[in-house]
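Source: prediction; values computed, not measured.
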Amino acid sequence: MDAKGMTLYRFDKDSANPPTSNCASTGGCITAWPPVPATTSVGGISAGLVGSITRTDGTKQLTIAGWPMYYFAKDTAAGQTSGQGVFSVWWVIAPDGSEIKTAAPSASSTH
């Protein structure tokens, strides 16, 4: 989570080695999954795991253990994890940079 309690996500189609974002800088991906700015403060994560990449649009994006970080547009309050497991490629990030793979909520539980 960031310093404000907003959940950070990683995308299975990205790469940590080398750190690469595959969520396009325009279109649906970037609208639903805004990149976390490199200047964002994060808590509970070793400083040695925190870095950044330069996206194709020139903006700097936060990385944890090499993985580019994203917010989920439908998370509107601290602690929400609405993006967990979306399309089986979006996952909440653990403090060590690994993904937390738990089952996505069923459609009936999100109404």
Side-chain angles (χ1 to χ4, degrees):
M1 292 191 173
D2 70 10
K4 295 179 182 176
M6 296 303 291
T7 302
L8 304 180
Y9 296 89
R10 81 176 225 194
F11 181 37
D12 279 349
K13 295 181 181 182
D14 285 350
S15 170
N17 190 16
T20 306
S21 170
N22 287 305
C23 181
S25 294
T26 60
C29 187
I30 200 76
T31 301
W33 302 95
V36 177
T39 56
T40 302
S41 295
V42 292
I45 298 171
S46 170
L49 295 177
V50 178
S52 67
I53 59 169
T54 302
R55 296 178 54 79
T56 58
D57 63 2
T59 61
K60 298 273 188 186
Q61 182 175 2
L62 180 77
T63 61
I64 296 177
W67 291 96
M69 294 290 102
Y70 302 88
Y71 292 117
F72 184 49
K74 292 184 180 179
D75 286 350
T76 58
Q80 291 181 332
T81 57
S82 304
Q84 177 66 353
V86 170
F87 302 122
S88 297
V89 294
W90 292 97
W91 307 103
V92 172
I93 194 79
D96 66 357
S98 66
E99 59 199 4
I100 299 172
K101 280 195 170 181
T102 58
S106 68
S108 62
S109 69
T110 59
H111 293 286

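Nearest approach of Ile30 to Ala24, heavy atoms of both residues: CB-O, 3.2 Å. Of all heavy-atom pairs between Leu62 and Thr40, the closest is CD1-O, 4.3 Å. For the residue pair Pro95 and Gly44, the shortest heavy atom distance occurs at CB-O, 3.4 Å. Taking both residues in full, the closest heavy atoms of Ser98 and Arg10 are given as CA-NH1, 3.6 Å, listed atom of the first, atom of the second, then distance. Closest heavy-atom contact between Asn17 and Ser15: N-OG, 3.2 Å. Here the closest heavy-atom approach between residue Ala16 and residue Ala65 is recorded as CB-O, 3.6 Å.
In terms of modelled atom types and a separation under 3.5 Å, the side chain of Thr63 and the main chain of Ser52 share a donor-acceptor contact. No donor-acceptor distance shorter than 3.5 angstrom exists from the side chain of Thr39 to the backbone of Pro37, with no hydrogens or angles considered. Without hydrogens or angle criteria, Gln84 side chain to Val92 main chain gives a donor-acceptor distance under 3.5 Å.
Residues Trp67 and Val42 share a single hydrophobic cluster, defined by chaining ILVMFWY side chains whose heavy atoms lie under 4.5 Å apart. There is a path of hydrophobic side-chain contacts, each under 4.5 Å, that joins Val89 to Val86.
Atom-to-atom distance recorded for Ile45:CD1 and Leu8:CG is 6.0 Å, nearest 0.5 angstrom. The OG1 atom of Thr7 lies 11.5 Å from the CD1 atom of Ile93; values are rounded to the nearest 0.5 Å.
Residues Asp12 and Glu99 form a side-chain contact, since some pair of their non-hydrogen atoms from C-beta on lies under 4.5 Å apart. Two residues are said to be in side-chain contact when any heavy atoms from C-beta on lie closer than 4.5 Å; Met6 and Met1 fail this criterion.
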Less than 3.5 Å apart, which donor and acceptor atoms pair up between the side chains of residues 70-77 and the rest of the protein, not counting sequence neighbours?
{"residue": "Tyr70", "atom": "OH", "partner": "Asp14", "partner atom": "OD1", "Å": "3.4"}
{"residue": "Tyr70", "atom": "OH", "partner": "Asp14", "partner atom": "OD2", "Å": "2.7"}
{"residue": "Tyr70", "atom": "OH", "partner": "Ser21", "partner atom": "OG", "Å": "2.6"}
{"residue": "Tyr71", "atom": "OH", "partner": "Asp2", "partner atom": "OD2", "Å": "2.6"}
{"residue": "Asp75", "atom": "OD1", "partner": "Ser82", "partner atom": "N", "Å": "2.8"}
{"residue": "Asp75", "atom": "OD1", "partner": "Ser82", "partner atom": "OG", "Å": "3.2"}
{"residue": "Asp75", "atom": "OD2", "partner": "Tyr9", "partner atom": "OH", "Å": "2.6"}
{"residue": "Thr76", "atom": "OG1", "partner": "Gln80", "partner atom": "OE1", "Å": "3.4"}

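Taking Thr59 as the reference, Arg55, Asp57 meet the side-chain contact (heavy atoms from CB on, under 4.5 Å) condition, with sequence neighbours excluded.
If you run ring-ring contact (aromatic ring centres under 6.0 Å, His included) between Trp33 and each of Phe11, Trp90, Trp91, only Trp90 comes through.
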